[in-house]
Amino acid sequence: MSTRRGLGAGVVALLVAVAVFAAVEALILSGALNPYWQQIICLAGIVTISALGLNLIYGYTGQFSLGHAAFYGIGAYTAALVTRGIGSHSPAILPLSLVAGAVLAGLVALLIGLPILRLKSDYLAIATLGFGVIVKVLLDNADMAIPMMGGSRGMSAIPRLTSFLWVFPLAVVALVVLRNIVYSGIGRALISVREDELAAEAVGIDSTRYKTLGFVIGCMYAGVAGGLYAHLFTFLHPSNFDFLKSIDVLLVVVLGGLGSMSGTIVAAVAWTFLLEGLRIVLPPAVQDWRWVIYPLLLIVFMLVRPGGIFAGMEFRFLRARK
Amino acid sequence: MAYFLQQLINGLQLGFVYALIALGYTMVYGIVRLINFAHGDVFMVGAYVGFYALASWKLPWPLAIVAAMAGCAALGMFIERVAYRPLRSAPRISALITAMGVSLFLEYFTSLRFVFGPDYRAFPRPFAVTSFDVGGVSISNIQIIVFAVSTVLMVGLTLFVNKTRTGLAMRAVSYDHNTARLMGVNVDWIISVTFGVGSALAGAGGVLYGIAYPQINPFMGVMPGLKAFVAAVLGGIGVIPGAMLGSVIMGVVETFTSAYVSSTLRDAVAFGVLILVLLVRPAGILGKPSREKV
């Protein structure tokens, strides 16, 4: 019985997803959503993908990474380089760019992850933070090696290929893949490493291997998100990928609830709309207050609900089948 | 050789300022295991208190440092009371996120026009700058003041932690909150004092930084704060001499990179050194590796 109910929830969720997709796409085609709002909706999807990746790393595997934006940046610059290198403005080029961005982000994650994932909690956080700063500095100086990357002037003239047509299905795929990982044997291994690494080792789980695997997959999510970002805003600057951007994603994951996919989705979308919403709601005279209100909301939220919105909860279609 | 020594002295100057910030990080981490991300912004507030003390109230510079230390101590204890104490039994990540919130709040609130304002301000020079020539290497009176004031404060802190009853209580709390409480230590008060002392040092660091690198703005605390924290980790977080050693290494490495390689790569090399040291000694240079209990 319960198996059938689980399956039913999945089918309903898929139908809801298709309906949402069709509704938003219809609004876009009818011109009801201006380009500004389309951009925010796309950004919400991109933040979701990137945050799902960090939730795999931190929420499910328990590896505290403060360098997520570095992989987001690696994906963004790689994807942009592929597109501009090929010189085509056809949307068909986008999947290739995204794959390239994801692969390079994953490769770098593997190279950096193998040594530094041996570090524990705060030390790992600091090492990944340091890695993030290094990547930012390298991007700042990238024009010395590849002039097209623009270094501290930023990389421009990236064709605008990202649209809702791409972002939404990719976000759904990212979610389904993550869900399947989390409830598979791999997911159970990852969670056991998070709960108690020593105990996991004792029952024969190769914790190094699983920590690295979780980290690489999570960083590939960041790479895909970065590639979409590059082709949405058509301009990249190293400061888009600094320490504060890593904090942004971390906030989304923690506010949503560690180890909760539902929470990540809700928080990512709410967060994007809140940031932009405060811009529209507040009169121009008090625009400066936006960044005063936002950290205050954050502090109050943490004091009231320290575990995040969806602490340990999932929407029905994201729950494990019994 | 003279150039090398000159850069070494410049590096030490930067390292000593980092040390004043790093001590606050390491003390707070040692006692509540919290990376206090707002600490760099307390340092910034210290620089502004020094700015007003010198420019508006026309205080002599030693009093400006005292004013900044008092102001920052009060601010640090206030932040601890409102933002961190209610979360002491919550997951550690909640306190960390709150610390980031406090950090952003301090930066953007002080950027508002009626507080400090968003612009860069020139820090007033409280005295004429003179240089002394020591065997081809010039040392300015600013550098002597930075060295002297930080040394006095660091020696004072070491004596305070090792020789006073409050210092003893701090060490006890850093080992184990509950046992310390059973021994009659007022844990909440000791944590408050730790935040106060750490923030006072950051305040003094802010004024010295302003005197040495005379331009201040509400975001000036971000990078020195990050570097000082990294220096504390490099030296072994929770260990006071480690924070001083790590800061000096950080300051010297950074200055040498600017002088001999490229100033744009400064931050990358500084953090690269950190990662390399952590790979060899995961608990920092002077840190004791913690054994895992089964």
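All of these numbers come straight from a predicted model, not from anything done at the bench. Chain letters run A, B, ... following the sequence lines, proteins first, then strands; residues in each count from 1.
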Turns out that what part of L106(B) lies under 4.5 Å from chain A's heavy atoms comes down to neither

Heavy-atom closest pair (L96(B) atom, F64(A) atom, distance to 0.1 Å) is CD2-CZ, 3.0 Å

So, the part of I126(A) with a heavy atom under 4.5 Å from chain B: the answer is both

Tightest non-hydrogen contact, residues S94(B) and P306(A), listed as OG-O, 2.9 Å

CZ (F229(B)) and CG (L129(A)) are apart, to the nearest 0.5 Å, by 8.0 Å

Okay, V82(B) and chain A: the region with an atom under 4.5 Å from a heavy atom over there is backbone

So, the part of I97(B) with a heavy atom under 4.5 Å from chain A: the answer is both

Cut-off 4.5 Å, heavy atoms of chain A, and the answer for R266(B) is neither

Cut-off 4.5 Å, heavy atoms of chain B, and the answer for L258(A) is side chain

When rounded to the nearest 0.5 Å, the distance separating OG1 of T128(A) from CZ of F271(B) is 11.0 Å

How about L298(A) and T98(B): do any of their side-chain heavy atoms sit closer than 4.5 Å?
no

Residue R88(B) excluded, over 12 heavy atoms near CZ under 6.0 Å: yes

Whatever's closer than 4.5 Å to a heavy atom in chain A on L112(B) counts as side chain

Q.
Which label fits W289(A) and F109(B): parallel for a plane angle under 30°, tilted from 30 to 60°, or perpendicular past 60°?
A. perpendicular

Interatomic distance, CE@M100(B) vs CZ@F243(A), rounded to 0.5 Å, equals 5.5 Å

Most heavy-atom pairs under 4.5 Å with chain A, out of V269(B), V222(B), V102(B), V230(B), belong to V102(B)

The interface call for I35(B) against chain A, heavy-atom contacts under 4.5 Å, is side chain

Check your understanding: Would one find more than 12 heavy atoms of other residues, nucleotides or ligands at under 6.0 Å from atom OH of Y175(B)?
Key -> no

Of all heavy-atom pairs linking L279(B) and P115(A), the shortest is CD2-O, 3.7 Å

Heavy-atom closest pair (P282(B) atom, L119(A) atom, distance to 0.1 Å) is CB-CD2, 3.7 Å

So CZ of F105(B) and CH2 of W291(A): to nearest 0.5 Å the spacing works out to 14.5 Å

d(L104(B) CG, L244(A) CG) to nearest 0.5 Å is 6.5 Å

Taking a cut-off of under 4.5 angstrom between non-hydrogen atoms, the residues of residues 130-144 of chain A near chain B are G130(A), F131(A), V133(A), I134(A), V137(A), N141(A)

